Amino acid sequence: MKKIMTEALKLPIIDLSSPDRPSTAKSIRQACIDYGFFYLVNHGVEEELLSQMLSESRKFFSLPVEDKMKLARKDHRGYTAMYAENLDPTSSSEGDSKESFYIGPLGGTLGNLNQWPSEIPEILPSWRSTMEYYYEKIISAGRRLLHLIALALNLDEDFFEKVGALDEPMAFLRLLHYPGELASSDEEVYGASAHSDYGMITLLATDGVPGLQVCREKFKQPRLWEDVPNIKGAFIVNIGDMMERWTNCLFRSTLHRVMPAGQERYSAAFFLDPNSECVVECLKSCCSESCPPRFAPIRSGDYLKERFRLTYGS
Ligand SMILES: O=C(O)CCC(=O)C(=O)O
Ligand SMILES: [Fe+2]
């Protein structure tokens, strides 16, 4: 077996409602430098809404596959079937053992691209309203968190608004279902194979079933994978690749994966990514003569398109 021992990680806990913003910003900075991951508590999304969202998600995934395929992914919205996605083609020839459903920006010009199972008559009457409500609540927590992240980078707290990132942001809610049965295969099958997220920040909610692991040193071999336990009611937040580019790798976009737990698992990842027109370029405070920018400026939309192309071939 090529398995490497894993240990559980004690990630920092950030309180989004703390009145001491300078000290919260400082803790966020340290967490993003050390781990690129932290827990977020007092974020304003009630536990009841979290479990309602996960329970609606479960109802959708329990529909017959023919019904789910009616909402097959189009314009990056809708359903992706089991094994259809492989986040790390180098690790295993099979796709990941998960199915998912993407919900994109709700209002504005992009809102009509979403697909909703509630449009299948009589099925899941409160599905859409629950997801929309959850989306609104979590995006508001995400915006507040980005204010603190800006402070953590010694920027004005409205920095991400000023650069246009939060003007109709490319924010996607992705519902995930990992099956309980392990496929019998000689190859190692992952729930989600090793990857980093593409955007600014991700806010993850899970049903508490274990599986998520992080690798803090992505260039070191063999890779050491550490378990990230769930904390009830907290979001697990991680930094994405575009935030890593903005900060010239000061904040890390950490490699993570989901191992099959031999138990069914539901989670929901909220990817808060910049508006497509926003140009992501090294922050002045994150480079110097001795530490020049590592990445060229890039339009967020171009960057995301390329990453999706590599993951889905479209
Ligand atoms: O389901 C999880 O715990 C993590 C999912 C994830 O990393 C992703 O979808 O990018
Ligand atoms: Fe991820």
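These numbers were taken from a predicted model, which means no experiment stands behind them. Order of appearance sets the numbers: ligands from 1, and atoms from 1 within every ligand.
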- Item | Residue V258 vicinity, atoms of ligand 1 by number, heavy atom under 4.0 Å | 1 (O), 2 (C), 3 (O), 4 (C)

- Task: May I ask you to check whether H177 and F60 place their ring centres under 6.0 Å from each other?
- Result: no

- Message: Could you check, using the six-membered ring where one of them is a Trp, whether Y135 and F270 have ring centers closer than 6.0 angstrom?
- Response: yes

- Query: Given P179, which of Q263, E264, M82 fulfils the side-chain contact (heavy atoms from CB on, under 4.5 Å) condition?
  - Reply: M82

- Message: The test is side-chain contact (heavy atoms from CB on, under 4.5 Å); show your working for I236 and F37 and say whether it passes.
- Response: CA-CA 7 Å; I236 298 167; F37 263 84; 3.7 Å; yes

- Would you give the length of the straight line joining atom CD of E157 to atom CD1 of I149, rounded to the nearest 0.5 angstrom? 12.5 Å

- Message: Using the Fe ion (ligand 2) as the vertex, how large is the angle between OD1 of D197 and NE2 of H256, rounded to 10 degrees?
- Response: 90°

- Message: Heavy atoms only, cut-off 4.0 Å: how does T202 contact ligand 1, side chain, backbone, both, or neither?
- Response: neither

- Item | Atoms of ligand 1, numbered as shown, that sit under 4.0 Å from any heavy atom of F271 | 8 (C), 9 (O), 10 (O)

- Here the atoms of ligand 1 under 4.0 Å from any heavy atom belonging to L176 are 1 (O), 5 (C), 9 (O)

- Item | Per-atom contacts, ligand 1 versus Y178 - under 4.0 Å to a heavy atom | 1 (O), 2 (C), 4 (C), 5 (C)

- Query: Should D197 be counted as touching ligand 1, given the test is an N or O pair under 3.5 Å?
  - Reply: yes

- With sequence neighbours left out, what residues match T24 under side-chain contact (heavy atoms from CB on, under 4.5 Å)? I14, S18, I28, L148

- Message: R245 vs E281, test: salt bridge (charged side-chain N to carboxylate O under 4.0 Å, His left out). Steps then yes/no.
- Response: CA-CA 7 Å; R245 291 175 79 103; E281 67 178 313; over 6 Å; no

- Query: If you measure from each non-hydrogen atom of H195 to ligand 1, which part falls under 4.0 Å: side chain, backbone, both or neither?
  - Reply: side chain

- Note on the structure: Numbered in order shown, the ligand 1 atoms found under 4.0 Å of a heavy atom of H256 are 7 (O)

- Message: Assess the residue pair D15 and N42 against the criterion (side chain to side chain donor-acceptor pair (under 3.5 Å)); give the C-alpha distance rounded to whole Å, side-chain angles, the decisive distance to 0.1 Å, and a yes or no.
- Response: CA-CA 6 Å; D15 179 350; N42 297 324; 3.1 Å; yes

- Item | Close approach of K98 to ligand 1, heavy atoms, under 4.0 angstrom | no

- Message: With heavy-atom distances below 4.0 Å as the criterion, list the atoms of ligand 1 near S267.
- Response: 1 (O), 2 (C)

